[in-house]
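This is a predicted model, so every value here is computed, not measured.
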Amino acid sequence: MAKRILVPVERTKEKEMEFALRVVRMLARESGGVVRLLAVIPIPEPVCDNRNYVVLTTDQQIERMASASADELRRIAAVDLTACRSRRR
């Protein structure tokens, strides 16, 4: 069975993600596998003021988005899914 399961995370579909995570967690538990969560963030454009000076660089935005995504992935990974029981064969 699967030893490594990669799960792309989409923030906008929370209910579907919860269901998918339940299924994936059961599969990983039954097969002794590991679940990896993946969030893909777009590369943003720099933010400029009305004089066209850069006030927020792309790197700064990516750092903020990466931090927010990491927090979100930690929250998702910590979801209590004790309601899903695995069946050992």
Side-chain donor-acceptor distances from residues 59-69 under 3.5 Å, at least two apart:
{"unit_1": "Gln60", "atom_1": "OE1", "unit_2": "Thr57", "atom_2": "N", "d": "2.8"}
{"unit_1": "Gln60", "atom_1": "OE1", "unit_2": "Thr57", "atom_2": "OG1", "d": "3.4"}
{"unit_1": "Gln61", "atom_1": "NE2", "unit_2": "Glu45", "atom_2": "O", "d": "2.6"}
{"unit_1": "Ser69", "atom_1": "OG", "unit_2": "Arg11", "atom_2": "NH2", "d": "3.4"}
{"unit_1": "Ser69", "atom_1": "OG", "unit_2": "Met65", "atom_2": "O", "d": "3.1"}

Scan the side chains in residues 46-55 for donor-acceptor partners under 3.5 Å anywhere in the protein, sequence neighbours excluded, and list what turns up.
{"unit_1": "Asp49", "atom_1": "OD1", "unit_2": "Arg51", "atom_2": "N", "d": "3.0"}
{"unit_1": "Asp49", "atom_1": "OD1", "unit_2": "Asn52", "atom_2": "N", "d": "3.1"}
{"unit_1": "Asp49", "atom_1": "OD1", "unit_2": "Tyr53", "atom_2": "N", "d": "2.8"}

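When the side chains of ILVMFWY residues are joined at heavy-atom separations under 4.5 Å, either directly or via intervening members, Leu6 and Leu21 end up in two distinct hydrophobic clusters. Ile76 is connected to Val23 through a chain of hydrophobic side-chain contacts under 4.5 Å among Ile, Leu, Val, Met, Phe, Trp and Tyr, so both are in one cluster.
Take Val7 and apply the side chain to side chain contact (heavy atoms under 4.5 Å, CB included) test, not counting sequence neighbours, and it matches Ile5, Met17, Val24, Val35, Leu37.
At distances below 3.5 Å, not a single donor-acceptor pair connects side-chain atoms of Ser31 with backbone N or O atoms of Lys3.
In Ile43, the CD1 atom is not crowded: 12 or fewer heavy atoms of neighbouring residues, nucleotides or ligands sit closer than 6.0 Å.
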